[in-house]
Every structure is written in structure tokens, then in C-alpha cells.
Protein chains: 2
Amino acid sequence: MLDIAVTIKDVAKLANVAPSTVSRVIADSPRISEATKRKVNEAMGKLGYHPNLNARSLASQSTQTIGLVMPSSGDVVFQNPFFPTVLQGISEGAHEKKYALHMTTGKSEKETLEAVVEMVQGKRVDGMILLKSKVEDKIISYLLKRNFPFVLIGKPYKNVEEITHVDNDNFRAMQEATEHLIMQGHHQIAFIGGCLELVVTVERLLGYERALRNAGIELKNEYIIHEEFLREGGQEAVKELMSLENPPTALVVVDDFMALGVLNTLDELGISVPEDISIVSFNNVLLSEMVKPPLTSVDINIFDLGYQASKNLIQRIENSNEPIKRIIIPHKLIERSSCCHLKNK
Amino acid sequence: MLDIAVTIKDVAKLANVAPSTVSRVIADSPRISEATKRKVNEAMGKLGYHPNLNARSLASQSTQTIGLVMPSSGDVVFQNPFFPTVLQGISEGAHEKKYALHMTTGKSEKETLEAVVEMVQGKRVDGMILLKSKVEDKIISYLLKRNFPFVLIGKPYKNVEEITHVDNDNFRAMQEATEHLIMQGHHQIAFIGGCLELVVTVERLLGYERALRNAGIELKNEYIIHEEFLREGGQEAVKELMSLENPPTALVVVDDFMALGVLNTLDELGISVPEDISIVSFNNVLLSEMVKPPLTSVDINIFDLGYQASKNLIQRIENSNEPIKRIIIPHKLIERSSCCHLKNK
DNA sequence: ATGAAAGCGCTAACAT
DNA sequence: ATGTTAGCGCTTTCAT
């Protein structure tokens with residue numbers, strides 16, 4: 001590799017100043033005369049100088065970089081537009097403050113923790129963004145113990161008061177989605193959600209239950225389904241659900257992609273949406289308006305989740321007195337054609 | 001931030017050896033006695049030592065990191081599973097060799113180039129992966145000029161012999177897709193593709209034309225459409241196409257998401273797939289099997305595109321004599337229900 | 001097999 | 001306003 005490796009010394013020599021002066025010009029220090037600034041800048045231009053960021057990071061103990069752990073290859077989340085969209089938001093927020101992103105993957109929980117330790121203690125990043133919290137989260141414990149800046153996207157399972165996090169009000173979002181169906185006359189509403197170890201699932205389930213209780217509707221266990229699906233497993237679940245003695249007339253589904261799977265299964269069963277059954281789903285990704293019927297979906301503003309995460313992380317990085325925050329990103333029910341009033345029988 | 005910053009010196013002191021010895025143990029140098037290795041490892045464990053990677057990078061002139069420029073927020077590619085999937089592949093390949101990823105975004109071409117220069121000259125990365133090549137690509141020129149290791153995903157517009165790239169045989173892939181339709185009796189086949197400035201579009205268009213020519217079918221300009229769509233623009237295009245005097249009986253579409261848009265427009269027009277018109281699309285993302293009708297789609301193995309890119313980049317990084325390569329990832333036509341034999345009239 | 005010492009290229013006190 | 005100098009924490013000759 002061609003590498004003329006121009007250093008600060010070369011610039012200093014050419015401009016006839018000390019290396020520290022060059023350093024100050026780079027940092028745009030106020031106490032350098034305009035004259036020498038010009039002189040130095042000229043020299044930098046001539047030599048095609050670019051600072052060695054490793055050296056800078058080493059000396060200044062800061063990297064202008066945010067760390068991220070990607071979901072591992074096998075993870076379902078990858079099939080889903082959530083990850084790219086939140087990444088886009090994170091990237092945007094970082095870019096605005098001239099921060100870069102540093103990412104690694106972990107295939108197991110153990111590997112993931114190691115990756116985080118390497119980033120943190122290896123001093124590769126100034127802060128971290130966590131994409132989900134697990135019930136007993138070692139990464140969070142680790143970061144908390146070291147008092148290392150991080151923000152969580154989602155709601156922490158514990159230590160809520162000590163963790164800056166950006167999240168939706170998933171409880172209310174789901175409550176409102178359910179109420180939307182109730183107002184359309186539905187009483188038999190089933191819940192189709194993901195893994196119960198994820199805090200978001202728990203919150204939404206609670207919101208669903210609250211809406212039913214408020215309306216004086218009895219909760220039924222058979223109406224609650226947890227599936228990773230996007231795949232076969234879910235089909236069975238839906239079939240069972242629909243062959244109950246009293247099948248639901250409406251469904252809340254926690255993800256548009258899942259909803260698409262449900263849609264297909266219903267179609268196979270000869271059940272039509274929204275005539276026979278109404279559906280509200282979540283995320284409002286592009287897909288939801290392209291599918292048939294277009295899905296009524298709760299927009300949780302995924303991009304903003306990421307954007308606020310990096311923005312607030314950087315604030316915390318640059319000011320260690322920044323208080324712990326909980327940032328709630330607004331959601332909005334987008335009505336399309338997958339719901340309708342229950343026909344009176 | 002709590003930071004006890006254990007350094008190599010602390011370990012050395014505790015183990016009663018010189019810092020250089022510790023360094024050798026970390027590098028697992030063969031000329032250190034097993035005894036001291038044990039001693040040093042023990043000391044590292046006791047102190048919770050982790051090497052400072054910036055210091056290491058500075059001293060060793062290597063980062064074990066791969067650079068990447070993300071498509072900017074506005075970019076269409078973000079709406080599409082291509083990016084996350086290829087990223088997943090890249091990440092997997094990097095992870096296997098213990099490389100991390102470093103990413104930034106650029107909002108304009110100028111910013112993007114600056115981001116690359118910062119990574120390269122700032123010595124933040126050992127090599128780069130480029131996600132697309134433009135016709136006159138300044139980034140490629142820059143990397144080539146500096147002789148900096150990089151691999152391109154896609155086909156270079158020029159300097160093909162000097163650039164390691166991983167790509168599909170897009171010409172053949174599209175030729176085969178078109179031939180598939182021809183074998184089903186279709187003669188009136190339209191092409192719906194993206195921006196002509198992307199090399200991939202050009203290649204596929206050529207493959208389409210070749211297939212038609214080989215079959216002695218006349219090419220019609222009205223049958224060729226270029227749209228970014230996923231959105232309104234495309235709808236119009238499809239409507240015009242279908243109101244031609246001789247509308248096509250089959251469509252090749254370069255992307256599953258686009259195909260979904262087309263499907264919707266056709267539905268509005270009361271045209272049914274595959275009865276009235278057949279469709280072959282590209283990418284074979286999860287969506288294509290969930291949509292109705294399930295799409296016949298060319299699987300281009302997006303994950304592998306990314307995986308091979310990082311794998312080969314790392315080979316090049318670790319051995320500067322590694323030859324320039326062209327890696328062709330196989331494609332495969334996955335037949336589903338969006339195509340059928342043309343009914344004889 | 002191990003130690004001593006000189007950098008890697010930068011920042012930041014401290015001097016002037 | 002600018003120069004001098006001492007690190008940041010590691011790797012790597014060169015000694016021994």
C-alpha cells in the first residue's frame with residue numbers, strides 16, 4: 001500500500017512552526033493567529049495531510065465513535081425492516097455530530113458480551129447503543145458497573161431509573177390499538193405476539209389486557225399466542241385459533257411481517273380480511289401499505305428511535321453530567337383497510 | 001466513567017516480567033516459556049486486563065477493522081432487504097476472522113468521499129467494502145490511486161481487471177429469467193428496472209435483450225421501463241405499459257419490492273397474475289414467498305455476496321500479494337406461482 | 001527466553 | 001501566541 005504517511009511533524013516543518021501549533025490549528029484553537037492558521041492550513045493542503053485518528057484517540061482518550069452490536073445472522077430481526085431503519089436513524093444522529101459507528105456481531109450471548117468488553121475496554125468507542133434488553137441482561141450490568149455511557153432502545157427490565165432509554169409507550173400503543181377494535185364493536189380480540197422474554201412483548205400484552213378490562217371484556221387464554229413465526233410455526237397457531245368454538249373477530253399482531261403471515265394463513269382458510277376478521281398490526285413499514293388489504297398499523301417511528309438514541313448518547317458522552325433520561329417516541333395508528341366494524345348478527 | 005485503565009505495565013509488574021514479555025504473551029509468541037505464559041496470563045486475569053486497541057493499532061499499523069459506507073438515509077436501497085442482508089453477510093465474514101466493522105454515512109457524493117478519506121488516511125480501517133459502483137466513481141479512483149485494499153460488491157464500470165469484486169452474473173441471470181418466460185410461450189415481455197446509471201441495471205437489460213434476440217423476438221422500446229419506484233411514479237409507468245396497443249403478457253422486474261408494487265397496480269387495473277400476465281422478479285427475499293401470488297424470483301444470494309466480499313477483502317489485507325479476483329456468486333430461479341404458460345388464443 | 005528502549009502520531013500541560 | 005516536553009499504551013528491534 002502506497003503510504004507516504006504525512007504526519008503533523010512534516011506539516012510543522014513545512015509551515016515553520018512547532019507540532020503543537022499544528023495540533024492547535026486542527027482543533028481550531030482560538031489562541032492562534034489568523035496568519036499562522038493560514039500558513040499551517042496551506043502546508044496541510046500541500047502535503048495532503050490527514051490526522052491519524054488512532055494516535056489522536058490514544059492521546060485524547062476519545063474516539064468520536066459509537067459502538068453497536070448487531071443481531072447475529074440467525075436472528076429473526078434481520079428478516080424485518082426494523083433493524084435497517086433503526087440503524088439508519090442511529091447513523092443519521094451520529095453523522096450530524098460527526099461520529100462514526102463501530103459494529104460487531106456475537107453469535108451467542110457470551111460472544112456478544114465479549115464483543116462489548118472489547119469495544120469498551122479496548123477503547124474503540126465512546127459510548128454504546130443497545131438494541132434490545134433481555135430480562136437478565138449481562139451487558140447492561142457490565143456497562144452500568146463500569147459507568148460507561150450507553151443508551152438502550154427499548155425498556156430496561158430493571159434499573160429503569162439508572163438507564164437512559166428511548167422507547168415507545170408500548171403499553172398505550174397496544175391499548176389504543178385494541179380500543180380501536182373495541183370501538184368497532186369487536187369483543188373477541190386475539191393477541192399475536194413474539195417472545196415473552198422481550199420486554200416489549202410484555203408491555204404490549206399488558207396494554208391489550210388493560211383495554212379489554214376497561215371495556216369489561218373477559219380475557220381468554222386461548223386468545224393469546226406467542227410465536228416467532230414469519231414461518232410455519234405461526235400457521236398452526238392461527239389455524240388453531242380460528243378453529244376455536246368462539247373464534248376471534250379481530251386480531252392485534254405485533255409486527256407487520258407477522259401480520260402478512262397471518263393474512264396468508266387466513267386466506268388459505270378462506271377467511272377474508274376485513275369482512276370476516278379485522279387486523280391491526282405494528283410498525284407501519286412500507287410493506288403494510290403495499291399488501292392486500294393494506295394494513296391498519298401502529299407507526300412507532302422506528303427511525304426516530306434510532307435517531308434519538310444516538311443523539312442523546314452523544315450528549316451524554318460530551319457531558320458526563322447529562323441526566324438519565326427516558327425518551328418516549330410518539331406512536332400513531334395509521335388506519336387502512338384491514339379493520340372494519342363488526343357486523344351485527 | 002470509572003476507569004482503572006489497567007495497562008500492560010501493570011500486568012508486567014504483577015507478573016514480574018518486562019512489558020515486552022507481556023506483549024509477546026498476548027501475541028502468543030512461540031519463544032516465551034510456558035511457565036511465564038502462565039504467569040502472565042494469570043496476572044492479566046487478576047487485573048482484568050484488556051489491551052488498548054488504539055495503542056495497538058498505532059504501534060502495529062493495523063486495525064482489524066473493515067470500513068463501510070452506508071447508503072444515506074434518503075436512499076431507496078434502505079427500503080429494501082438488500083442492505084441488511086448483505087450487511088449480515090459482510091458481518092459474518094468479518095466476524096469469522098475477528099474483524100470489526102466501521103461505518104459512516106455520506107449525504108452527498110462529496111461527503112461520502114470525505115468519509116472514505118477519513119477512514120483510510122485516518123487509519124481507522126485496514127480495508128473497505130464498497131456497496132455499489134457508479135459510472136464515474138471517485139471513491140474507486142481514490143482507493144486505486146492509494147493502492148488501498150478494497151472489494152466492490154457489484155461490477156466495476158471500468159478498470160475491471162484491477163478491482164477485486166464479487167457479483168452475480170447479472171447478464172445470464174436476466175437472460176435465463178427471460179428465457180423462462182419465453183419457454184412458457186411468451187413473446188411480449190416487458191422489462192421493469194431501476195436507474196440506468198447502475199451497472200447492474202445495464203447488465204440485466206443486456207441479458208433481457210439477448211434472450212429476446214436469441215429467440216428471434218423483436219425488441220420494443222415501449223417495453224422497457226426505468227423507475228425508482230416502490231412508489232407512485234411506477235404506477236403510472238405500469239398503467240401506460242398495460243394500455244399499449246399490444247400490452248405485454250409477461251414482465252421481468254428487477255426487484256421483489258418493485259414487483260409487489262406492480263402486483264398492486266395490476267390488481268387495480270383488474271389484471272390478474274399469472275392468468276393474464278406472468279411475472280419474474282429478482283432477489284427472492286422472504287416477501288416473495290409471502291405475497292399473493294408467490295413470486296417466481298431469481299435468488300441472487302445476497303448474503304453470500306456480502307460474505308465473500310469480507311472474506312476476500314481480509315485475505316487481501318493479510319496478504320498483499322493476493323491476486324485480483326472476480327468472484328461470481330451463483331443465482332437460481334425459484335419457481336412459484338406468478339408465471340404460467342401463455343394460453344393460446 | 002527475556003529485558004531495555006525507541007518509536008507509532010497525536011494531545012496537552014507547562015513554559016515563555 | 002507559540003514552543004518544549006512528556007506522555008497515551010502498545011509493538012518491535014536490538015541487546016543479552
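Bear in mind the structure is a predicted one, so any value in this text is a computation, not a measurement. Letters go in sequence order (proteins before strands), and every chain restarts at 1.
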So, are [X] and [Y] salt-bridged, with charged N and O less than 4.0 Å apart?
{"X": "Glu96(B)", "Y": "Lys107(A)", "result": "no"}
{"X": "Arg38(B)", "Y": "Glu42(B)", "result": "no"}
{"X": "Asp28(A)", "Y": "Lys37(A)", "result": "yes"}

TODO: Starting at CD1 of Ile32(B), measure out to NZ of Lys39(B) and round the result to the nearest 0.5 Å.
DONE: 10.0 Å
Open item on the list: Does dG3(D) have its OP1 or OP2 closer than 4.0 Å to a side-chain nitrogen or oxygen of Thr21(A)?
Closed with: yes
TODO: Assign Ser57(A) to base, sugar-phosphate, or nothing according to its heavy-atom contacts below 4.0 angstrom with the strands shown.
DONE: nothing
TODO: Answer with base, sugar-phosphate or nothing: what part of the nucleic acid does Ser29(A) contact at a heavy-atom distance below 4.0 Å?
DONE: nothing
Could you check whether any side-chain heavy atom of [X] comes within less than 4.5 Å of a side-chain heavy atom of [Y], counting everything from C-beta outward?
{"X": "Tyr307(B)", "Y": "Ile329(B)", "value": "no"}
{"X": "Val11(B)", "Y": "Val40(B)", "value": "yes"}
{"X": "Leu130(A)", "Y": "Phe150(A)", "value": "yes"}

Open item on the list: How bent is the helix from dA1(C)-dT16(D) to dT16(C)-dA1(D), measuring the angle between the end axes built from five pairs each, rounded to 10°?
Closed with: 30°
Open item on the list: Which residues pass the salt bridge (Lys or Arg N to Asp or Glu O under 4.0 Å) test with Glu322(B), not counting sequence neighbours?
Closed with: Lys325(B)
- [ ] Using a 4.0 Å heavy-atom cut-off, write out nucleotides 9-16 of chain C from 5' to 3' as B (base contacted by protein), S (sugar-phosphate only) or - (no contact).
- [x] BBBBBB--
